[in-house]
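Notes follow the structure.
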Amino acid sequence: MNPLSPSLPSGAANADHCASVSTAEAVTRRCGNPIVFLTLVLSLVINIGAGGLLLLYLAALALVSRLRLVVQSFRNFTLEFCRSDIGRMYLVVSGLTLIVLFLSFYHREWGELEVALKRFFIAYVVVNFIWKYSTRLILDGAAVGALLACVVAVVQVVWLGADRAEGPTNAIRFGMIAALFSAVSLAGAMFSIESRVHSMFYGAAGFGGLVATFFSGSRGALLALPFMLAPLALRLVSAWSWRRLALLFAYILVAFALFVSDGGKLRTRTETALIAMGLPQETAAGHEGQSAQEDQSAHIRRALLVAAFDLFRKNVWLGAGYLGWTEAIAGANSSPNPEDRLKANFNQAHNQYANDLAKGGLLRGAAGLAFVLVPLLFFLRARPFSDWPATMPALLGVIVVLGFGAFSLTESVMVLSLPASLYSLLVFYLLGAKEESWSKSA
């Protein structure tokens, strides 16, 4: 029994009350996990947010219980719950939501409020209404999602001849989430205690997600891969086997081959970005057609970071807000020096940490950083690198947090609906799975 499951009143006032609550409880036990599974599976092939399916799920619960389970959910917010890791993380998300709400009123703008409320809503539903946590479900959902992403990427790049795979979203988000699903699937193939058939399935998904990652041409995803593979290497120290080492080595070898083959133009984009940063590259010749565009991209990213930290220095505590950012970018684009112009009105700094500091100051920056560091601390405390099956959710949690932490270096992912929703869903689901695994092993 999950300790977070609501304790329904034993002495119900009437049979109608008992019937409605019992029916709602049956719905949660039968539909909660499939909802999360479908959210992961469909995220890279259908343009549907994680909040959409969970909203339908909550509406069904409210209807069959006549709102009684929703009322009961507020009673579940106890001191015992707040002392649990998932409870503390719930407080972090609640605090972050309140901070975004305060800054929205302070700056008189509402652009980021929708995503903040969606994060809180996801946390609320997962904590209160999805009671049977399953690590295998996360692995299965990520694996199927990675394989479907591979199919989409191959169709778009190989069959349709597109330069980059992007699914229903854009190439950057597609590549980042495909990389995350790939790393999670690889973890399942290496360390899951499921059957050999499951391990082979997870391994195939890991390589499939890797193909989708490189076909997307996302340099942010490429940057994050070492961060997500490092926990696997650390666990391999205590869970050593030649099979696991061979699988990790094969994964790195395939990644190198995909990079050399220039699928999604990732090698070309990386080389020209390095050239733009002033690093010597012998392979510069032959990329002239794209080099100018990539040089401009690297110049723009540097200029955006400079603008972000300039705004932060002027508005240390509460930031300049979106309007202050917009005015700063408009001012740069009206510069008399053509080299200082950004050529477009960028609405974010292409770096989540810089974006938070510029628009929300230290208040928003600290809250955003806590959203990454707090769950990482909880997962690290649960011995993710030990050879113990109960620590598998912690290992997956470290991969998720480090992946999104690295994604945030090249894109403002936490203010975008799809990645922010998936991050919240995975963090809370894995925290619940971690606590469930530890309670069963105690």
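Along the sequence shown, residues are numbered consecutively beginning with 1. Since the structure is predicted, the reported quantities are computational estimates derived from the model, not experimental observations. All values below come from the heavy atoms of this structure, side chains included, with hydrogens, waters and symmetry mates left out.
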Residue pairs, two or more places apart or on separate chains, that pass side chain to side chain donor-acceptor pair (under 3.5 Å) and touch residues 227-238: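 Residue pairs passing side chain to side chain donor-acceptor pair (under 3.5 Å), neighbours aside: Arg235-Thr391.
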Does atom [atom1] of [X] have more than 12 heavy-atom neighbours, drawn from other residues, nucleotides or ligands, at distances under 6.0 Å?
| X | atom1 | result |
| --- | --- | --- |
| Phe227 | CZ | no |
| Arg196 | CZ | no |
| Trp242 | CH2 | no |

Least distance between heavy atoms, [X] atom then [Y] atom:
| X | Y | result |
| --- | --- | --- |
| Leu247 | Ala189 | CD2-CB, 3.6 Å |
| Val157 | Ala165 | CG2-N, 3.7 Å |
| Ala255 | Leu210 | N-CD2, 3.6 Å |
| Val115 | Ala420 | CG1-CB, 3.7 Å |
| Ala390 | Pro393 | O-CD, 3.4 Å |
| Ser218 | Met176 | OG-CG, 4.1 Å |

Examine distances only and state if a side-chain atom of [X] and a backbone atom of [Y] form a donor-acceptor pair shorter than 3.5 Å.
| X | Y | answer |
| --- | --- | --- |
| Arg301 | Thr410 | yes |
| Gln156 | Gly167 | yes |
| Ser412 | Val415 | no |
| Arg364 | Gly319 | no |
| Arg244 | Ala239 | yes |
| Glu435 | Ile86 | yes |

Quick one: does [X]'s side chain get under 4.5 Å of [Y]'s, heavy atoms only?
| X | Y | value |
| --- | --- | --- |
| Leu61 | Val70 | no |
| Phe129 | Leu54 | no |
| Phe214 | Leu225 | yes |
| Leu395 | Phe379 | no |
| Met414 | Asp356 | no |
| Leu103 | Leu363 | yes |

Ring pair (Phe, Tyr, Trp, His ring centres under 6.0 Å) pairs, two or more places apart, involving residues 402-434: Tyr133-Tyr429, Phe371-Tyr423, Phe404-Phe407, Phe404-Tyr423
Intermediate values then yes/no, side-chain contact (heavy atoms from CB on, under 4.5 Å), Val211 and Val254: CA-CA 9 Å; Val211 171; Val254 171; 5.6 Å; no
Classify the ring geometry of [X] against [Y]: parallel below 30°, tilted from 30° to 60°, perpendicular beyond 60°.
| X | Y | value |
| --- | --- | --- |
| Tyr202 | His198 | tilted |
| Phe312 | Phe309 | perpendicular |
| Phe81 | Tyr90 | perpendicular |

Criterion side chain to side chain contact (heavy atoms under 4.5 Å, CB included) against Leu426, the qualifying member of Leu431, Thr39, Leu40, Leu396: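 Answer to the side chain to side chain contact (heavy atoms under 4.5 Å, CB included) test with Leu426 among Leu431, Thr39, Leu40, Leu396: Leu40.
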Partners passing side chain to side chain donor-acceptor pair (under 3.5 Å) against Ser185 (at least two apart in sequence or in another chain): none
